[in-house]
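The residues of the chain are indexed from 1 along the displayed sequence. The figures that follow rest on heavy atoms only: side chains count, while hydrogens, waters and symmetry mates do not.
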Amino acid sequence: PAFRASCAPTWDILRRAGFAGRRIHVLSIDVEHGEMNVLRGLPLDEFDVRFIVVEVTQGARWLEVDSLILPYGYAKVAVLGRDCVYAKLEELSSGGFADWPFLQERRGRDLAAVLPDNWAHFHQKLIDEELAAENHRERQAQARGLRRLNSVA
């Protein structure tokens with residue numbers, strides 16, 4: 001191998017660096033198709049992250065990333081190419097950018113997004129439909145000889 005590297009979960013790196021309980025202004029996640037693993041293992045309720053930038057893999061991953069970030073009191077504020085930018089609702093309100101009382105409620109000292117009762121179920125249904133369509137397109141491309149391997153599970 002050209003090099004060896006030790007890996008650790010993002011939350012562990014942040015804790016070791018002393019960011020537990022401290023404000024993190026911007027967290028950028030660019031891990032080449034590994035964003036879902038990083039986000040699933042990152043307890044957003046334990047860190048004060050103001051803005052998150054995530055490079056998102058093509059396909060239904062956009063929706064999956066939303067489903068992991070929005071419930072923690074974030075709003076998607078921009079899509080820049082493949083990068084999605086999320087801002088903490090509290091940051092938007094306190095910074096004078098927006099006052100969205102109909103989209104947020106106070107939970108303790110934090111603001112949280114107000115999502116409809118069946119939001120998680122509805123969002124998962126959209127994700128499943130998008131993944132099924134993506135798989136169908138990949139199978140069609142493979143049948144036409146445009147793909148050597150079926151790259152979508």
Of the non-hydrogen atoms in [X] and [Y], which two are nearest, and what is the gap between them?
X   : Y   : answer
F47 : F19 : CD2-O, 3.8 Å
A75 : L70 : CA-CD2, 4.1 Å
G41 : W11 : O-CD1, 2.8 Å
P71 : L68 : CD-C, 4.1 Å

Rounded to the nearest 0.5 Å, what separation is found between the [atom1] atom of [X] and the [atom2] atom of [Y]?
X    : Y    : atom1 : atom2 : value
E35  : I52  : CD    : CD1   : 13.0 Å
L44  : I69  : CG    : CD1   : 6.5 Å
L92  : Y74  : CG    : OH    : 11.0 Å
R137 : Q142 : CZ    : CD    : 15.0 Å
R144 : R139 : CZ    : CZ    : 12.5 Å

Pair up each side-chain donor or acceptor in residues 21-29 with any protein partner under 3.5 Å, not counting sequence neighbours, and list the distances.
| from | atom 1 | to | atom 2 | distance (Å) |
| --- | --- | --- | --- | --- |
| R22 | NH1 | G18 | O | 3.2 |
| R23 | NE | D48 | OD2 | 3.3 |

Legend entry - Exam field: side chain K88 to backbone Y72, donor-acceptor pair closer than 3.5 Å: yes

Legend entry - V54 vs V38 side-chain heavy atoms within contact, under 4.5 Å: no

Inset, instruction - Would you please name every residue forming a side chain to side chain contact (heavy atoms under 4.5 Å, CB included) with A78, sequence neighbours left out? - result: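 Residues passing side chain to side chain contact (heavy atoms under 4.5 Å, CB included) with A78: L80, V85.
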
Legend entry - In one Ile/Leu/Val/Met/Phe/Trp/Tyr side-chain cluster, 4.5 Å: I13, L42: no

